[in-house]
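Here the structure is a predicted model, which is why all the values come from computation and not from measurement.
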Amino acid sequence: MAEAKRVTIHEVAKEAGVSRQTVSRVINDRPDVAPDTRSRVKEVIARLGYQPDVIARSMVKGYTHTIGCITPNLTDYNFSSIVESAQAEARSQGFFILTGSAPTDSEVLPLLDEMLNRRVDGLLVINPRDDERYRHLIPLIEQNIPVVYLKNTPDNEKVSCVCLDDVKGGYLATRHLLQLGHTEVVTILGPKNEECTIDRLTGYKQAFSEANLPIKDQLIAFGDWSAQSGSDAIEKLLNEDVFFSAVFAQNDRMAVGVIRRLRESGLRVPQDISVIGYDDIPLATFFDPPLTTIRQPIVQFGQLGAQILIQAVHNNLPKPKMIRLEPALIERNTCEPYHNNKRR
């Protein structure tokens, strides 16, 4: 049986001829509403059967100098670094940060409940659009609860975000290899549902298009961010006797798996195969050889996200703000010009 459509605060405001903020003030028994307006809004609420979100209401009643941060996990270097930088920025402004991980969207709502019961003033959410977790945020956004997306861009949600130009990152990585004379360039993707995977692939294709080179489906491989998936992707290509002279792995861990598997097959990096990663994790410079990669300004995600959220909590953010950070090519020792190594 289909679930009944939930009446939104937008619909109540439209029917009553008032703003969403006015509806929110009525819901929360704020005094700054004219009596006739309050009566009209309450009548519409009753007639439409609108049920205010209990979680959202708990947030608007207090100001606790506490913000929440929800991340898919706390083991990934990028995510943990974002949380750490957000925490440092929040503390510098007199805010405490509550952090929790929700690996799947089904685990988001209990975590939200817990945070909102502790009366956080706003929320930072990492990668909310890579699955369905963003849907749990919509009732909060509709009631003007401060929410900031990190590493994802909103669709129709009126929220601020701090994201990365991953199209440019994928383009920079691929263009670097093409400029070195490589025309058979493998790219190993992350999970298909993730925004950054799609954007980095778009950048890869843009570089090929700009160079007037065909994009070959057999050179697009799939991973899951783990080193093992990078190794497995390359092993599959080698077993299928697919020719390539360079690899763009969409993160550094997969690049490490690629390098190890190539060496096990008797191929040298970069003399036989050039490899470029993505992220510039701290260990990238200590790999053997040191890894050429695309750097993400990871610290800035958390720092800027916390700044924007706290501005919104203080009502100093009149409209949503988007900050798109720039990636950078970091050249080390895993790429060199193409040599005809007769592997065809």
Side-chain angles (χ1 to χ4, degrees), residues 3-35 37-70 95 97-98 100 102 105 108-126 128-129 132-150 152-161 305-306 308-322:
E3 185 178 345
K5 183 178 180 294
R6 182 174 177 271
V7 177
T8 69
I9 196 171
H10 294 278
E11 293 168 311
V12 173
K14 183 178 180 181
E15 183 72 14
V18 298
S19 68
R20 289 178 300 150
Q21 291 88 343
T22 298
V23 176
S24 182
R25 286 194 288 269
V26 171
I27 291 168
N28 292 285
D29 296 322
R30 294 276 296 276
D32 49 343
V33 182
T37 300
R38 185 184 302 275
S39 297
R40 185 167 72 256
V41 171
K42 285 185 173 181
E43 185 276 325
V44 171
I45 287 173
R47 177 158 46 84
L48 297 184
Y50 173 65
Q51 295 293 323
D53 191 274
V54 175
I55 293 174
R57 292 186 66 185
S58 73
M59 290 185 68
V60 298
K61 289 184 176 179
Y63 184 70
T64 62
H65 285 85
T66 303
I67 58 177
C69 181
I70 297 178
F95 278 72
I97 188 165
L98 288 175
D105 68 283
V108 172
L109 197 54
L111 184 57
L112 269 177
D113 266 318
E114 181 65 28
M115 286 187 172
L116 300 172
N117 285 336
R118 295 174 186 271
R119 302 173 69 82
V120 297
D121 296 320
L123 288 162
L124 297 171
V125 188
I126 300 174
R129 293 201 63 91
E132 297 297 304
R133 66 187 60 209
Y134 76 96
R135 296 182 183 276
H136 302 301
L137 304 172
I138 290 176
L140 309 182
I141 296 166
E142 288 179 343
Q143 294 195 40
N144 298 312
I145 305 305
V147 175
V148 175
Y149 288 2
L150 300 178
N152 270 174
T153 53
D155 187 4
N156 295 316
E157 310 95 303
K158 290 181 172 58
V159 295
S160 296
C161 71
I308 293 171
L309 183 62
I310 291 168
Q311 284 178 340
V313 169
H314 288 311
N315 296 313
N316 292 329
L317 199 67
K319 61 181 181 179
K321 178 186 293 187
M322 174 185 287

Any idea which heavy atoms bring [X] and [Y] closest together, and the distance?
| X | Y | value |
| --- | --- | --- |
| Cys161 | Pro154 | SG-CD, 3.6 Å |
| Val23 | Ile9 | CG1-CG1, 3.6 Å |
| Arg133 | Ile126 | CD-O, 4.4 Å |
| Cys69 | Ile97 | CB-CD1, 3.8 Å |
| Arg20 | Ile141 | NH1-O, 3.9 Å |

| Would you say the side-chain atoms of Thr22 pair up with the backbone N or O of Val18, donor to acceptor, closer than 3.5 Å? | no
| request: Using modelled atom types only, decide if a donor and an acceptor are shared between the side chain of Asp121 and the backbone of Thr64 within a distance under 3.5 Å. | output: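 Indeed, once roles are kept as given, a pair shorter than 3.5 Å links the two residues.
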Side-chain contact test, heavy atoms from C-beta onward, threshold under 4.5 Å: evaluate it for [X] versus [Y] and give yes or no.
| X | Y | value |
| --- | --- | --- |
| Leu140 | Leu123 | yes |
| Tyr50 | Val44 | no |
| Val12 | Thr8 | no |
| Ser160 | Leu317 | yes |
| Val33 | Val41 | no |
| Leu137 | Val125 | yes |
| Pro320 | Val159 | no |
| Glu11 | Lys14 | no |

| Residues in salt bridge (charged side-chain N to carboxylate O under 4.0 Å, His left out) contact with Asp32, at least two apart in sequence or another chain |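 Checked Asp32 against salt bridge (charged side-chain N to carboxylate O under 4.0 Å, His left out); matches are Arg25, Arg30.
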Just jot down the side chain to side chain contact (heavy atoms under 4.5 Å, CB included) partners of [X], sequence neighbours excluded, or say none.
| X | value |
| --- | --- |
| Asp155 | Arg129, Glu157 |
| Leu111 | Ile70, Ala102, Met115 |
| Glu114 | Arg118 |

| field | From NZ (Lys42) to CZ (Arg38), nearest 0.5 Å | value |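 Between atom NZ of Lys42 and atom CZ of Arg38 there are 6.0 Å.
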| request: Identify, with sequence neighbours excluded, every residue that meets side-chain hydrogen bond (donor to acceptor under 3.5 Å, both in side chains) alongside Arg47. | output: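 Checked Arg47 against side-chain hydrogen bond (donor to acceptor under 3.5 Å, both in side chains); matches are Glu15, Glu43.
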| Set of ring-ring contact (aromatic ring centres under 6.0 Å, His included) partners for Phe95, sequence neighbours left out | His65, His314
